[in-house]
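As the structure lists them, so they are numbered: ligands from 1, and atoms in each ligand from 1.
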Amino acid sequence: MPKFETIKGVLFDLDGVITDTSVYHEQAWHALADQLQIDWQPQFAEQLKGVSREASLAVLLNATGHPDAYSAEQKAQFATEKNDRYLALLQQLSPASIAPGMTAFLTELKAQDYRIGLASASKNAPFVLERLGLSDYFQARVDPTTLHKGKPDPEIFSRCAELLGLQPAECLGIEDAQAGIQAINASGAVSVGIGAKDVLAAAQIRFETTAELTLANIRQQLK
Ligand code: G6P
Ligand code: MG
């Protein structure tokens, strides 16, 4: 584990870390599954976290046992329907939806000159940050449409560090998803998991909730 003093930047996942939009993604996928008469399996919730829209649809269609039954046009239509439902749910988003302690943590990072980057697979990320009123904290954001591979591939975290002018090893990556923690670990950044131990066993540091995210608590765990 690197020393706390080597950390110069923080790479943030968005959904499920900065705000609880992961439940809206889940609701929208669940509704699509119902529409397509796909049995919603409890493990879908964790499996779909951190995974792109297209790859998430593939997970659902694979569960039917005949994923090739749909044309490319139909698949594009399903992805659009899911996104429309998700966007409708985002209408309720406001600064009150920011995860506990997150504004204080971002403020602390900024005050201490840490570089702050966004490593979200969501094409809706700019809109979500805008609704939360947090856009100005982020010096760099990875555009997920430019990536070759999604999480658990490390590309998004390596790119985010690069955009901040840092090596991954100089960064913390903060994630709520299994695929995200794998991606951070593979990039060489220090993985900080937010959530339950059984789900995030691979995280190098872990907190139950974002309320515990402070530089002092991180320093303690990096000893
Ligand atoms: C994040 C979320 C996923 C979501 C993905 C793509 O990684 O954790 O649940 O599927 O972004 O989001 P989008 O808004 O582009 O459909
Ligand atoms: Mg997430």
Side-chain angles (χ1 to χ4, degrees), residues 10-33 40-63 75-93 97-100 102 117-132 134 138 141-147 149-157 159-160 172-185 187 189 191-196 199-200 202-203 206-210 213:
V10 183
L11 318 173
F12 281 87
D13 175 45
L14 174 68
D15 300 307
V17 169
I18 293 174
T19 182
D20 208 5
T21 35
S22 51
V23 297
Y24 299 152
H25 279 295
E26 182 184 343
Q27 278 177 38
W29 283 123
H30 198 148
L32 182 74
W40 182 261
Q41 297 165 25
Q43 68 270 24
F44 283 158
E46 291 303 332
Q47 275 176 10
L48 299 182
K49 281 184 187 168
V51 176
S52 76
R53 200 179 304 169
E54 295 71 22
S56 298
L57 178 64
V59 169
L60 286 192
L61 296 183
N62 281 338
K75 288 180 187 174
Q77 177 61 27
F78 297 154
T80 300
E81 286 173 17
K82 181 270 169 178
N83 196 50
D84 288 346
R85 285 194 179 97
Y86 178 63
L87 289 177
L89 291 165
L90 289 188
Q91 288 310 311
Q92 57 199 298
L93 219 59
S97 320
I98 298 170
M102 190 51 72
L118 190 74
S120 168
S122 174
K123 296 190 260 265
N124 295 301
F127 175 72
V128 171
L129 283 185
E130 205 57 50
R131 289 293 291 230
L132 299 175
L134 295 178
F138 293 84
R141 300 176 196 182
V142 178
D143 174 356
T145 64
T146 64
L147 296 172
K149 290 186 174 174
K151 301 169 188 178
D153 189 276
E155 186 180 13
I156 191 167
F157 287 101
R159 179 87 65 83
C160 197
L172 303 172
I174 308 188
E175 265 287 353
D176 67 317
Q178 288 172 348
I181 292 293
Q182 268 182 269
I184 296 169
N185 288 343
S187 78
S191 55
V192 181
I194 303 295
V199 179
L200 301 176
R206 190 186 59 83
F207 298 110
E208 280 297 315
T209 78
T210 51
L213 271 178

| task | Could you tell me which atoms of ligand 1, counted from 1 in the order shown, lie closer than 4.0 angstrom to a heavy atom of Gly50? | result | 2 (C), 3 (C), 7 (O), 8 (O)
| said: Main chain of Gln91, side chain of Arg131: is a donor-acceptor contact present, judged purely on distance under 3.5 Å? | reply: yes
| said: I'd like to know whether ligand 1 has Ala177 as a neighbour, heavy-atom separation below 4.0 Å. | reply: no
| Which ligand 1 atoms are under 4.0 Å away from a heavy-atom of Lys123? | 13 (P), 14 (O), 15 (O)
| Any idea which atoms of ligand 1 are less than 4.0 Å away from a heavy-atom of Asn124? | 13 (P), 14 (O)
| note | Out of Ser22, Ser122, Gly150, the nearest non-hydrogen contact to atom 12 (O) of ligand 1 is supplied by Ser122
| Parallel, tilted or perpendicular: which describes the rings of Tyr86 and His25, with under 30° parallel and over 60° perpendicular? | parallel
| request: Select one of side chain, backbone, both or neither to describe which atoms of Leu48 lie under 4.0 Å from any atom of ligand 1, heavy atoms only. | output: backbone
| Candidate with minimal heavy-atom separation from atom 6 (C) of ligand 1, of Ala55, Pro144, Ala125, Ala121 | Ala121
| Any donor-acceptor pair under 3.5 Å linking the side chain of Thr210 with the backbone of Pro100? | yes
| task | State whether the shortest distance between N or O atoms of Arg53 and N or O atoms of ligand 1 falls below 3.5 angstrom. | result | yes
| query | So which heavy atom on Lys149 is nearest to which on Glu155, and how close? | reply | N-OE1, 2.8 Å
| said: So which atom in Leu200 and which in Gln178 form the shortest heavy-atom distance, rounded to 0.1 Å? | reply: CD2-N, 4.2 Å
| Residue Ser56 vicinity, atoms of ligand 1 by number, heavy atom under 4.0 Å | 10 (O)
| field | Option of least heavy-atom distance to atom 4 (C) of ligand 1 (set: Thr21, Asp15, Val51) | value | Val51
| query | So which of the N, O or S atoms of Asp15 lies nearest the Mg ion (ligand 2)? | reply | O
| Within the distance-only criterion (no hydrogens, no angle test), does the side chain of Thr21 pair as donor or acceptor with the backbone N or O of Tyr24 below 3.5 angstrom? | no
| said: For Ala121 versus Gly50, what's the shortest heavy-atom pair and its separation? | reply: CB-O, 3.9 Å
| OD2 (Asp13) to the Mg ion (ligand 2) to OD1 (Asp176): angle, nearest 10 degrees? | 90°
| remark: Nearest heavy-atom contact between Ala202 and Ser191 is O-OG, 3.9 Å
| query | Is the distance from the Mg ion (ligand 2) to the nearest N/O/S atom of Glu175 under 2.8 Å? | reply | no
| Heavy-atom side-chain contact between Leu147 and Asp153 under 4.5 Å | no
